[in-house]
A.B. asks: 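Here it is, the structure in full.
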Amino acid sequence: MRFYRVKRDFLNAPRRRMYRFLWMLPALWFVYLFFAGDSGYLQIRERSRQIEAMRRENETESAENLRLEAEVEMLKNDLAIIEKIARERYGMVKENETVYMVYPGTPDPTPETGK
């Protein structure tokens, strides 16, 4: 009767695969949380982009506010600006003044109908 010695590697191979798998689970979980979690790298990067876009928008709005504040001050204090706006927008004229309206082209005598 012959006895064959069984290789230990053959018996332990499934166990080693299981240990490798169990060691990989935390690593895979860490990689998932690092990249795709609620506070992962991708979310942080997207929020940084949003913050930068809002910062640019805020700068634009601040510049617009400064321009409008300057315009308000001019309208409160500068009578020449007030007169100019009254003449242009509202067609106001001074006493004994005649206004002539000049158009860039001759008006068409027959208006087009939606044919």
A.B. asks: Is there a path from Y19 to L25 through hydrophobic residues (I, L, V, M, F, W, Y) whose side chains come within less than 4.5 Å of each other?
C.D. replies: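 Yes, it is one cluster - the side chains of Y19 and L25 are joined through contacts under 4.5 Å.
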A.B. asks: Can you confirm whether E83 sits close enough to M92 that some side-chain heavy atom of one is under 4.5 Å from a side-chain heavy atom of the other?
C.D. replies: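 Not in contact.
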A.B. asks: Checking R67 now: which residues fulfil side-chain hydrogen bond (donor to acceptor under 3.5 Å, both in side chains) with it, not counting sequence neighbours?
C.D. replies: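 Per chain and number, R67 pairs via side-chain hydrogen bond (donor to acceptor under 3.5 Å, both in side chains) with E64, E71.
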A.B. asks: Side chains of L75 and I85: does their closest heavy-atom pair fall under 4.5 Å?
C.D. replies: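 They are in side-chain contact.
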A.B. asks: In Å and rounded to the nearest 0.5 Å, what is the CZ to CD distance from F35 to Q43?
C.D. replies: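 Going from the CZ atom of F35 to the CD atom of Q43 covers 13.5 Å.
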A.B. asks: Step through the shown structure and confirm whether more than 12 heavy atoms of other residues, nucleotides or ligands are within 6.0 Å of CE on M24.
C.D. replies: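 It does not: M24 CE has 12 such atoms or fewer within range.
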A.B. asks: From L28 CG over to W23 CH2, what is the distance, rounded to the nearest 0.5 angstrom?
C.D. replies: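 Here the rounded value is 13.5 Å.
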A.B. asks: Considering only heavy atoms from C-beta outward, does the side chain of R49 approach that of E52 to under 4.5 Å?
C.D. replies: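 R49 does not reach E52 side chain to side chain.
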A.B. asks: With a 4.5 Å cut-off on side-chain heavy atoms, are I82 and D78 touching?
C.D. replies: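 Contact flag for D78/I82 side chains = no.
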A.B. asks: Please verify the inter-ring angle class for Y41 with F34; under 30° counts as parallel, over 60° as perpendicular, anything in between as tilted.
C.D. replies: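 Geometry flag for F34 against Y41: parallel rings.
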A.B. asks: Hey, are the side chains of E69 and E73 touching, using non-hydrogen atoms and a 4.5 Å cut-off?
C.D. replies: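 Sidechains of E73 and E69: no contact.
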A.B. asks: Rest of the hydrophobic cluster containing I51 (Ile/Leu/Val/Met/Phe/Trp/Tyr, side-chain heavy atoms under 4.5 Å)?
C.D. replies: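 Hydrophobic cluster check, I51: no partners found.
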A.B. asks: Less than 4.5 Å apart, side chain to side chain, heavy atoms only: is that true for E59 and M54?
C.D. replies: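 Contact flag for E59/M54 side chains = no.
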